[in-house]
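To start, the structure under review is shown below, and the notes come after it.
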Amino acid sequence: MEIPKTYDPREAEARHYARWEAQGYFAPEVNRDPEAPVYSIVIPPPNVTGSLHMGHALQHTIMDVLTRYHRMCGYRTLWLPGSDHAGISTQLMVERELRKEGLTRHDLGREQFIERVWRWKEQYGGEITRQMRREGASVDWSREQFTMDEHLSRAVREFFVRCYDEGLIYHGEGLISWCPKDQTALSDLEVDKEETKGALYYLQYPVKGSERRVTVATTRPETMLGDTAVAVNPEDERYRDLLGATITLPLVGREIPVVADEFVDPAFGTGAVKVTPAHDPNDYEMGRRHNLPQVRVIDQHARMTAEAGAEFAGLDRYEARGLVVKRFEELGLLEKVSDYEFSITKCGRCRTVIEPLISTQWFLKQAELGRAPLALVRERREPRFVPRVPYEKVYADWLENLHDWTLSRQLWWGHRIPAWYTEDGRTIVARTEEEARARARTDKLTQDPDVLDTWFSSALWPISTLGWPDETEDLKTFYPTSVLITARDIIFLWVSRMMMTGLKFTGQKAFNDVFITGTIFDKHGQRMSKSKGNGVDPMEVFDKYGVDATRLVLAQVESTDTRWNDNLVESYRNFANKIWNAARFCLLNSEGATVGKGFEGEPASWALHDRWIMSRLNRTAQTVSAAIEGYRFHEAVQTLYHFFWDDFCDWYIELSKSDVTAPDASPARNAARSRVLTVLEQALRLLHPFMPFITEELWQRLPGISTAQLHPAYAHAEPTIMLAAYPQADAALIDERAEAEVQALIELISRVRNIRSEMNIKPGETVPVLVGAPDETLRAVFTAGVPQIARLVRASEVLVQPSINGPRASARAVLAGGAEVAVPLEGLIDFAQERARLRKEQEKLQQEAAKLEGQLGNKNFVERAPAEKVAELRQRLADIAQRTGALTQTMEALAE
RNA sequence: GCCCGCUUAGCUCAGUGGUAGAGCGCACGCUUCACACGCGUGAUGCCGAAGGUUCGAAUCCUUCAGCGGGCACCA
């Protein structure tokens with residue numbers, strides 16, 4: 001069999017994915033067990049405009065690990081893929097394309113534009129789905145969904161109409177966040193606050209009929225043109241006499257009242273606040289409380305309106321700011337300008353400064369929808385957040401304080417709002433135009449031009465993708481979903497809203513668990529972003545190190561924030577190569593061997609190292625399963641890594657080598673070869689959820705692979721490791737004693753190697769090794785292991801006796817259980833150096849002994865600590881005393 | 001302003017009450033018949049600071065410092 005020395009992932013990756021997909025192994029239907037438990041995940045739908053970044057790769061890896069693990073455990077497993085139409089992003093993308101042709105969307109008109117977007121989507125939209133195949137994501141492509149698909153659009157209309165009919169959705173005027181660049185309303189979750197250095201302007205307003213002036217402070221002087229009041233705190237002595245007074249607004253001449261409002265903080269600024277109800281959220285509320293007029297001085301393009309006055313009309317808001325300040329200065333009404341840091345609100349997409357505007361929009365009263373999820377998380381701690389801290393609290397606190405959700409967007413790409421207006425001004429909300437006509441009793445209807453916030457359809461994702469509002473089999477089978485895997489930044493935008501809709505429409509929560517992944521930063525701890533150009537492209541990492549290695553890194557990132565480091569991927573690439581070569585060794589020595597054989601009969605009849613590896617294997621299976629089920633992927637990866645590399649490669653293969661590579665064929669050789677193959681095969685299964693490609697590649701090459709290895713639920717399928725049964729730990733094979741005994745062997749071998757290294761014995765040179773073991777059992781272990789010890793320490797002979805009776809010129813070491821080892825080094829040994837080496841060791845022991853003695857000498861410890869803990873320390877101290885005694889003797893023997 | 005998290009070996013990170021860990025890097029030695037993407041050996045930490053609880057603290061509590069998040073209507 002020809003097997004290259006180095007694993008080349010590229011070829012295997014493409015081949016196996018294509019086969020798995022073609023065979024339908026990703027679909028839940030592959031499971032033929034009618035009693036199978038169900039496991040389901042819906043993917044957080046990536047934007048159709050997007051391409052894969054590390055965050056996706058991280059989420060996908062974790063979803064795939066969970067999916068593959070549960071599939072191998074026999075669950076009817078569904079991981080449902082899809083993508084999001086991403087309203088603003090997609091529309092802007094296509095508009096940018098149009099601009100290159102010198103066109104705007106208005107040149108095309110709505111219908112043609114939308115057609116164009118669809119064409120764009122068909123042509124360029126699928127990038128992430130292609131990239132997911134490269135990742136090895138075992139999603140069921142036959143169930144792939146897009147939020148603008150007809151079925152999902154129907155679900156959106158159903159959601160809208162039902163909420164409208166119940167009075168949860170309303171059409172009305174409100175002060176909303178407006179992006180002057182994207183020309184649309186936004187919800188408060190789509191804007192970001194950003195600390196900014198600016199100025200605080202102190203403007204003086206003359207009081208009518210008096211020489212007095214009231215000073216107000218503002219960061220936005222241009223809005224004074226729309227002021228309709230000045231507010232002070234009712235308790236503020238300084239302004240008490242001004243209550244009810246009238247202010248003559250400079251530049252404008254409008255007469256505005258001084259009102260009292262609790263909102264005003266007397267300690268801040270001057271204690272007097274200008275009130276601009278049409279352009280500030282707080283002032284808007286204050287204006288409503290005091291019935292103040294709303295004067296709109298800024299328009300949708302962030303330019304001043306005619307109402308701002310002839311001098312300002314048409315100016316950009318920042319130009320107007322400069323001019324207002326200049327005029328105040330000229331009038332002697334600019335008291336001062338001070339540096340000031342405040343937070344400014346920006347469009348989450350384009351970073352343009354948001355303009356709060358009064359506008360008629362559609363809103364959803366989220367507070368009502370939020371009640372059920374809030375009760376669920378408060379009373380039953382559902383869904384279960386992992387990690388619980390801090391996310392459960394973040395989620396619950398947000399649900400407790402819900403604001404109305406601005407639903408409408410002034411865009412063309414998206415779900416059109418299912419509302420129609422009659423000529424006589426009535427509003428009709430309906431699922432279809434036909435239904436609207438019936439409800440309106442007229443054909444003369446105009447549909448609302450706006451579309452819905454992209455997150456409105458996302459809110460339905462778990463139920464709509466499974467068929468809602470129809471009561472489909474998929475909905476019955478796979479809902480509620482098992483777990484949601486996502487990043488922390490969309491807990492409000494998405495996670496909470498899926499819980500709202502799920503509970504409202506099905507009475508059941510959308511998912512049992514919510515796993516929040518960590519964030520991957522660049523190596524300097526900066527957030528990766530396109531604009532900074534510091535992103536690491538997962539595809540490039542796949543190319544360089546292989547998908548499996550990258551997945552291991554991502555899985556062990558788990559939920560901690562991590563700085564990306566190629567070195568880590570490299571070390572897992574090395575691990576993949578280690579697996580490859582271990583398998584290579586097994587396969588090069590596989591003649592006469594069969595997977596699954598070699599461990600016949602009672603475990604008690606097996607050789608020590610065979611009992612040991614089975615114990616380690618089962619312990620590993622136990623730990624890894626528990627870790628995956630508890631979302632402790634770091635632990636799972638570490639456990640697998642060390643089992644494979646340390647236990648299997650460094651020790652089991654080495655301890656088995658002489659049997660496996662015996663020159664002549666024999667039943668014993670076949671059995672030994674079968675055993676390494678069997679352990680390898682089980683290890684590959686354990687690794688498969690994390691490293692799907694290399695495990696499949698190697699598994700297919702093992703002799704004796706057949707449908708017998710598949711989980712019973714998949715018995716009809718062709719052999720593939722992805723449908724093999726995940727190894728279940730057999731507690732009966734976990735053998736503490738075998739583990740302790742092999743540990744003693746390992747210690748012996750390590751000590752001799754240490755002596756060889758310290759004494760500068762050439763690697764090619766063999767030495768005799770004398771072992772003294774007063775304990776009969778231990779002596780038997782060493783005696784049985786003589787050929788293995790000899791091989792691993794390159795000994796010319798190994799003599800095991802109750803005590804060592806060797807030459808004075810020996811390098812020695814003491815072992816656990818009163819055992820000793822000596823390497824006679826006639827002529828090679830420097831007695832002074834050897835004494836120094838032993839003294840160093842003794843010092844270490846004495847330090848530890850001193851610590852233990854101190855603790856055991858503490859009356860409180862002996863009295864209060866658990867008895868077994870005290871006994872354990874005594875045992876350890878006794879062992880150290882024994883070693884120290886032996887060392888002392890050895891050193892005395894060396895003395896001249 | 002309120003809330004939360006993080007601080008462990010040179011680097012990236014594990015580790016929730018009982019002998020401080022991994023990978024990489026570093027030092028020394030090895031073309032040992034699976035693997036130099038390897039093998040063997042070794043060095044490296046008053047676990048951010050100060051208090052406290054406890055027989056015992058990296059781990060629990062308090063305060064502080066540095067870093068990073070989230071929330072908030074302070075003009």
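Numbered from 1 within each chain, the chains take letters A, B, ... in sequence-line order.
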Sugar-phosphate, base or nothing in reach of A/Tyr201, heavy atoms under 4.0 Å: nothing

Separation of the P atoms in B/rU32 and B/rG38, to the nearest angstrom: 16 Å

CZ (A/Arg288) with more than 12 external heavy atoms under 6.0 Å: no

Nearest-Å distance for atom pair CG/P, residues A/Asp280 and B/rA75: 9 Å

Minimum side-chain heavy-atom gap A/Leu680-A/Val676 below 4.5 Å: no

Earlier contact from the 5' end, RNA chain B, for A/Lys840 and A/Lys393: A/Lys393

Ion pair A/Arg220/A/Glu355, N-O distance below 4.0 Å: yes

Touch class at under 4.0 angstrom, heavy-atom based, for A/Thr562 against every strand present: sugar-phosphate

Any donor-acceptor N/O pair, A/Ser757 side chain to A/Arg753 backbone, under 3.5 Å: no

Atom C1', compared across B/rA58 and B/rA9: separation rounded to whole Å: 14 Å

Give me the distances for all protein-to-nucleotides 19-21 of chain B N/O pairs that come in under 3.5 Å?
| from | atom 1 | to | atom 2 | distance (Å) |
| --- | --- | --- | --- | --- |
| B/rU19 | O4' | A/Arg876 | NH2 | 3.2 |
| B/rU19 | O2 | A/Glu848 | OE2 | 2.7 |

Over 12 non-hydrogen atoms of neighbours within 6.0 angstrom of CG in A/Asp339: no

Interatomic distance where CG belongs to A/Asn567 and P belongs to B/rG10 [whole Å]: 17 Å

Over 12 non-hydrogen atoms of neighbours within 6.0 angstrom of CD in A/Gln846: yes

A/Ile520 CD1 to B/rC13 C1', straight-line distance once rounded to whole Å: 13 Å

Secondary-structure stems for RNA chain B, with pairs counted as Watson-Crick or G-U when both distances are under 3.5 Å and runs at least 3 long: B:1-7 with B:65-71, B:10-13 with B:21-24, B:26-30 with B:38-42, B:48-52 with B:60-64

Ionic contact status for A/Arg488 with A/Asp561, cut-off 4.0 Å: yes

Same-atom distance (C1') from B/rU62 to B/rU19, integer angstrom: 29 Å

Spacing of A/Ile491 atom CD1 relative to B/rG69 atom C1', expressed in whole Å: 12 Å

Nearest-Å distance once atom C1' is located in both B/rG66 and B/rC30: 46 Å

Side-chain N or O of A/Tyr572 closer than 4.0 Å to phosphate OP1/OP2 of B/rC24: no

Sugar-phosphate only, base, or nothing, as touched by A/Asp265 at under 4.0 Å among non-hydrogen atoms: base

Phosphate OP1/OP2 of B/rG42 contacted by A/Asn754 side-chain N/O (<4.0 Å): yes

Per A/Arg488 side chain, nearest of listed nucleotides B/rG69, B/rA43, B/rA22: B/rG69

Spacing of CD1 belonging to A/Ile3 relative to CG belonging to A/Leu588, to within rounding of 0.5 Å: 5.0 Å

Spacing of A/Ile749 atom CD1 relative to B/rG40 atom P, expressed in whole Å: 11 Å

Protein-nucleotide distance (A/Arg527, atom CZ; B/rC67, atom P), rounded to Å: 18 Å

Aromatic plane relationship, A/Phe268 with A/Tyr340 - under 30° parallel, 30 to 60° tilted, over 60° perpendicular: perpendicular

Whole-Å P distance, B/rG45 and B/rU8: 15 Å

Atom pair CE/CD1 of A/Met224 and A/Ile256 - distance to nearest 0.5 Å: 7.5 Å

Closest nucleotide among B/rC11, B/rG18, B/rC13 to the A/Thr560 side chain: B/rC13

Whole-Å C1' distance, B/rG42 and B/rA34: 26 Å

Touch class at under 4.0 angstrom, heavy-atom based, for A/Gln855 against every strand present: base

First encountered from the 5' end of RNA chain B, between A/Asn858 and A/His634: A/His634

Distance between P atoms of B/rC13 and B/rU7 (Å, rounded): 10 Å

A/Glu194 CD to B/rA72 P, straight-line distance once rounded to whole Å: 16 Å

Span that lies between the C1' atom of B/rG29 and that of B/rG21, in whole angstrom: 26 Å

Crowding at CZ, A/Arg378 (>12 non-hydrogen neighbours, <6.0 Å): yes

Sugar-phosphate only, base, or nothing, as touched by A/Pro281 at under 4.0 Å among non-hydrogen atoms: nothing

Sugar-phosphate only, base, or nothing, as touched by A/Val264 at under 4.0 Å among non-hydrogen atoms: base

A/Lys274 side chain to A/Thr276 side chain, donor-acceptor N/O pair below 3.5 angstrom: yes

Annotated protein contacts, base or backbone, on nucleotides 28-38 of chain B with a non-hydrogen cut-off under 4.0 Å, one of B, S, - each: -SS-S-BB-BS

Sugar-phosphate only, base, or nothing, as touched by A/Tyr340 at under 4.0 Å among non-hydrogen atoms: sugar-phosphate

Salt bridge A/Glu872-A/Arg876, side-chain N to carboxylate O under 4.0 Å: yes

Aromatic plane relationship, A/Phe648 with A/Phe643 - under 30° parallel, 30 to 60° tilted, over 60° perpendicular: parallel

Separation of B/rG68 P from A/Asp489 CG (nearest whole Å): 18 Å

